[in-house]
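Okay, structure first, notes after.
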There are 2 protein chains.
Amino acid sequence: MVTPYRVRQLQMREEAILDVAHVLLGKYGYDAMTMDDVAAEVGIAKASLYKHFVSKEKLAARTMVRLFDRTVAQLAALPANKSAFEKLRDMLEWALRERLKGGIPHLPSTSSTLEQSLMTDEPYLASLLSLNAALSLLVDEAKNDNAISAELPTDYVVTAIYARTCDPTLEYMQRGRTYSDDEIVRFMLDGFFVGIVVRS
Amino acid sequence: MVTPYRVRQLQMREEAILDVAHVLLGKYGYDAMTMDDVAAEVGIAKASLYKHFVSKEKLAARTMVRLFDRTVAQLAALPANKSAFEKLRDMLEWALRERLKGGIPHLPSTSSTLEQSLMTDEPYLASLLSLNAALSLLVDEAKNDNAISAELPTDYVVTAIYARTCDPTLEYMQRGRTYSDDEIVRFMLDGFFVGIVVRS
DNA sequence: GTCTATAGTCTGATAGAC
DNA sequence: GTCTATCAGACTATAGAC
């Protein structure tokens with residue numbers, strides 16, 4: 001059976017809303033983004049916006065879920081012959097480049113109000129958990145390969161990876177216009193994986 | 001000449017206000033902290049609060065300035081015989097422990113509105129600049145000692161140090177209650193300076 | 001359009017320094 | 001006793017969720 005025209009229209013509009021929310025959340029953060037902004041940018045009435053998302057919090061949660069799902073998909077798309085360590089590096093690089101393009105970070109670190117509401121959002125938690133599981137597996141695998149230090153707990157490493165995607169260093173460097181995106185990504189990746197000390 | 005009683009009272013109250021703002025900013029962040037909260041916590045009328053600080057933005061800026069000044073003082077108090085690298089490590093450790101005690105981070109990463117207003121606040125910029133200068137010197141010195149990789153630009157390293165003080169990893173680990181404060185600090189310091197890869 | 005939250009102001013009463 | 005700072009809290013204005 002063919003999907004009715006009306007339904008497809010709704011789905012497309014929902015995607016459009018999420019696209020706009022993604023950009024605006026990345027640009028202004030949760031608190032500074034207004035629902036008026038979103039509606040205006042999508043080009044729909046505010047009431048229509050609320051037909052799709054019952055609250056600002058739900059809109060943000062759904063945007064995050066879409067990001068997590070995309071991240072999991074990205075992870076699954078990596079060449080199978082790469083090592084766990086290489087996969088982790090590739091994933092972080094992908095996330096950083098998404099950020100440089102204006103995407104939202106993987107942690108709601110910019111708003112404690114948002115964080116609170118996300119913690120009670122079932123779809124969000126489920127999506128987060130599945131990404132967590134995938135990343136934890138990779139980190140453990142990299143530890144087994146003796147690529148990542150076993151002295152750091154896995155949950156610390158996973159959290160630190162998330163945190164890199166909302167590291168303000170990225171924006172400061174980008175704002176400074178001194179370095180290219182490629183350089184910034186290299187600094188951040190090396191800084192995270194290899195540290196800043198001189199290797200002996 | 002003795003400082004008049006009235007003046008000393010005013011100074012003490014100003015300190016008390018800044019103490020409260022420091023705690024509340026650390027706890028809730030700029031946007032979620034209200035001036036009513038501050039006044040109530042200090043135990044004064046809101047009007048009196050505005051006698052000291054003409055706006056919420058100025059109050060936050062002054063709180064940040066005090067933090068920077070304390071940081072510079074902390075830096076100056078380090079034993080002179082320590083290497084630049086050790087000093088940087090000690091400074092970051094001090095900042096992380098302050099954070100764990102509920103202090104505010106060194107970057108206004110939690111609020112873009114605050115960040116905007118700080119960028120036009122002269123005393124804030126002056127104080128930030130002086131801390132920047134001190135840290136940049138240390139990083140360059142550590143590079144000369146071959147302790148910090150010369151491949152990473154100094155401004156990247158300095159920004160990354162600031163960013164570590166507002167790294168959400170800290171709060172996530174603290175909230176998890178799995179690790180002691182000492183462990184968390186060790187993970188963060190090792191993660192930052194040494195990285196997460198296995199040393200060969 | 002409605003309602004809430006909150007920054008910032010104003011007033012009349014009060015307490016305490018001198 | 002006078003005076004000034006402070007108090008409690010009402011009030012305005014505005015932004016923004018819904």
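In what follows, chains are A, B, ... by sequence order, proteins preceding strands, each numbered from 1.
Distance Gln9(B) CD to dA5(D) P: 13 Å, rounded to the nearest Å. Rounded to an integer number of Å, the gap from Asp37(B) CG to dA5(C) C1' is 12 Å. Between Lys46(B) atom NZ and dA7(C) atom C1' the separation is 6 Å, expressed in whole Å.
Residue Ala47(B) is in base contact, counting any heavy-atom pair closer than 4.0 Å across all strands shown.
Residues of residues 49-59 of chain B that place a heavy atom closer than 4.0 Å to DNA chain C, in numerical order, are Tyr50(B), Ser55(B), Lys56(B). Residues from residues 22-36 of chain A lying near DNA chain D, meaning a heavy-atom separation below 4.0 Å, are Met33(A), Thr34(A), Met35(A) in numerical order.
By the side-chain hydrogen bond (donor to acceptor under 3.5 Å, both in side chains) test, Thr159(B) pairs with no residue at all, sequence neighbours left out. Remark: Tyr28(A) pairs with no residue by the ring pair (Phe, Tyr, Trp, His ring centres under 6.0 Å) rule, at least two apart or across chains.
One finds a side-chain N or O of Arg13(B) lying less than 4.0 angstrom from the OP1 or OP2 phosphate oxygen of dT6(D).
A pairwise comparison of heavy atoms in Ser48(A) and Arg13(A) identifies CB-NH1, 3.9 Å as the closest pair.
Counting heavy atoms of neighbouring residues, nucleotides and ligands inside a 6.0 Å radius, atom CD of Glu151(A) does not exceed 12 of them. Atom CZ of Arg177(A) is surrounded by 12 or fewer heavy atoms from other residues, nucleotides or ligands within 6.0 Å.
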Can I get a per-line list of side-chain donor-acceptor pairs under 3.5 Å for residues 141-148 of chain A, giving both atom names and the distance, sequence neighbours left out?
residue	atom	partner	partner atom	Å
Lys143(A)	NZ	Leu152(A)	O	2.8
Lys143(A)	NZ	Thr154(A)	OG1	3.0

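There is a side-chain donor-acceptor pair under 3.5 Å between Asp167(B) and Thr169(B).
Each ring-ring contact (aromatic ring centres under 6.0 Å, His included) pair with one or both residues in residues 130-172 of chain B, not counting sequence neighbours, appears once here: Phe187(A)-Tyr156(B).
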